[in-house]
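It should be emphasised that the depicted structure is a prediction, and the values quoted were computed from it without experimental measurement. Reminder, nothing fancy here: chain letters follow the sequence lines and each chain counts from 1.
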Protein chains: 2
Amino acid sequence: MKEDFLKNWDTQLKKGLLPLFVLQALRNKECYGYELIQELKSAAGIDISEGTIYPLLIRLMKEELLHYKWVEQPSGIPRKYYSISQEGKKCLTEMKKSLETTHSKIRKL
Amino acid sequence: MKEDFLKNWDTQLKKGLLPLFVLQALRNKECYGYELIQELKSAAGIDISEGTIYPLLIRLMKEELLHYKWVEQPSGIPRKYYSISQEGKKCLTEMKKSLETTHSKIRKL
DNA sequence: TTTAATACCTTGTATAACGATGTATTATTT
DNA sequence: AAATAATACATCGTTATACAAGGTATTAAA
């Protein structure tokens, strides 16, 4: 019953929540993109595709909510490690506050 | 600080939440579009513009989550009253469940 | 030797909020 | 009487973003 609708709804919901997920995850520990996908999946069951995470990280960088550094590996491809900035922490706090407000709005209906 | 970012974030968040807001509001009582805007504003402080609500109602109609009927007024423009369908109620239940799951995912991070 | 996993990335498509704009009716204000 | 605002419907162009698909490169496993 309306599985397409619900699937699409989930996708739309992510458009708001993913930046919060990423900032929150990076508040706990530095991660590189590929790792973030696995981290969010294993820690919270959140599925993000590569086509989503890399552009998202670039956006958050442009907003200066994240910093990054390349880290060479003894073998294999270098990793781009992201960490949250002061600005990012402030934003995360605001976002959580806003989400809580939104949640209370739902309860009012 | 990063007000543009936060404003845009709120907008993106709405993309998932508005269908739920509308279905929930219509579960309580039949409304016409223009009334829904005022209803959501006064009941829960949710701002929706006309350019958002009318296409949204049309989408929910196409999914058969809503029914509507024109109601002539003693004076003025006829109103298009929307009510939630059985299918809509089921969807709303699923959406709330899904949102609760999502909320618990956030807490896990 | 081929497949899979790791690790980065871009492009095209679909979806949806929003401001602007349009139409029409009625009420209020000047 | 005329102009403005409020009611009530709607569409269109812009912008943002998730995702599938595809691309590049390295290393490990089958």
Quick one: [X] [atom1] to [N] [atom2], roughly how many Å, whole number?
X: Q12(A); N: dC18(C); atom1: CD; atom2: C1'; value: 15 Å
X: W9(B); N: dA17(C); atom1: CH2; atom2: C1'; value: 16 Å
X: D47(B); N: dG19(C); atom1: CG; atom2: C1'; value: 14 Å
X: L18(B); N: dT15(C); atom1: CG; atom2: P; value: 17 Å
X: D4(A); N: dA16(C); atom1: CG; atom2: P; value: 12 Å
X: K69(A); N: dC8(C); atom1: NZ; atom2: C1'; value: 18 Å
X: R79(B); N: dT26(C); atom1: CZ; atom2: P; value: 12 Å
X: L13(A); N: dA16(C); atom1: CG; atom2: C1'; value: 13 Å

I'd like to know whether NZ of K96(A) has more than 12 heavy-atom contacts from other residues, nucleotides or ligands below 6.0 angstrom. yes
Students should find that the nucleotides of DNA chain D closing off the region near chain A, any atom under 4.0 angstrom from a heavy atom, are dT17(D) to dT27(D)
Per nearest nucleotide of DNA chain C, the residue lying toward the 5' end, I48(B) or P74(B), is I48(B)
Between L57(A) and T11(B), whichever has its closest DNA chain C nucleotide further toward 5' is L57(A)
Could you list all the ring pair (Phe, Tyr, Trp, His ring centres under 6.0 Å) pairs where at least one residue sits in residues 83-109 of chain A, not counting sequence neighbours? H103(A)-H103(B)
Geometric class of the Y82(A)/Y68(A) ring pair [parallel <30°, tilted 30-60°, perpendicular >60°]: tilted
Do the side chains of L20(B) and L6(A) join up, straight or via other hydrophobic residues, at under 4.5 Å, putting them in one cluster? yes
Same cluster (ILVMFWY, side-chain, under 4.5 Å), L109(B) and V22(A): yes
Quick one: is [N] close enough that its OP1 or OP2 comes under 4.0 Å of any side-chain N or O from [X]?
X: K7(B); N: dC18(C); result: no
X: R59(B); N: dA17(C); result: yes
X: Y32(A); N: dA7(C); result: yes
X: Y34(A); N: dC8(C); result: no

Please classify the nucleic acid contact of T52(A) as base, sugar-phosphate, or nothing, using heavy-atom distances under 4.0 Å. base
Touch check for E50(A), heavy atoms < 4.0 angstrom, all strands: base, sugar-phosphate only, or nothing? base
List the steps and the verdict of side chain to side chain contact (heavy atoms under 4.5 Å, CB included) for L13(B) and L99(A). CA-CA 9 Å; L13(B) 199 56; L99(A) 194 67; 3.8 Å; yes
Yes or no on salt bridge (Lys or Arg N to Asp or Glu O under 4.0 Å) for E39(A) and K29(A), after CA distance, side-chain angles and deciding distance? CA-CA 10 Å; E39(A) 191 68 18; K29(A) 78 163 203 236; 3.3 Å; yes
Please figure out whether K15(A) or G76(A) has its closest DNA chain D nucleotide nearer the 5' end. K15(A)
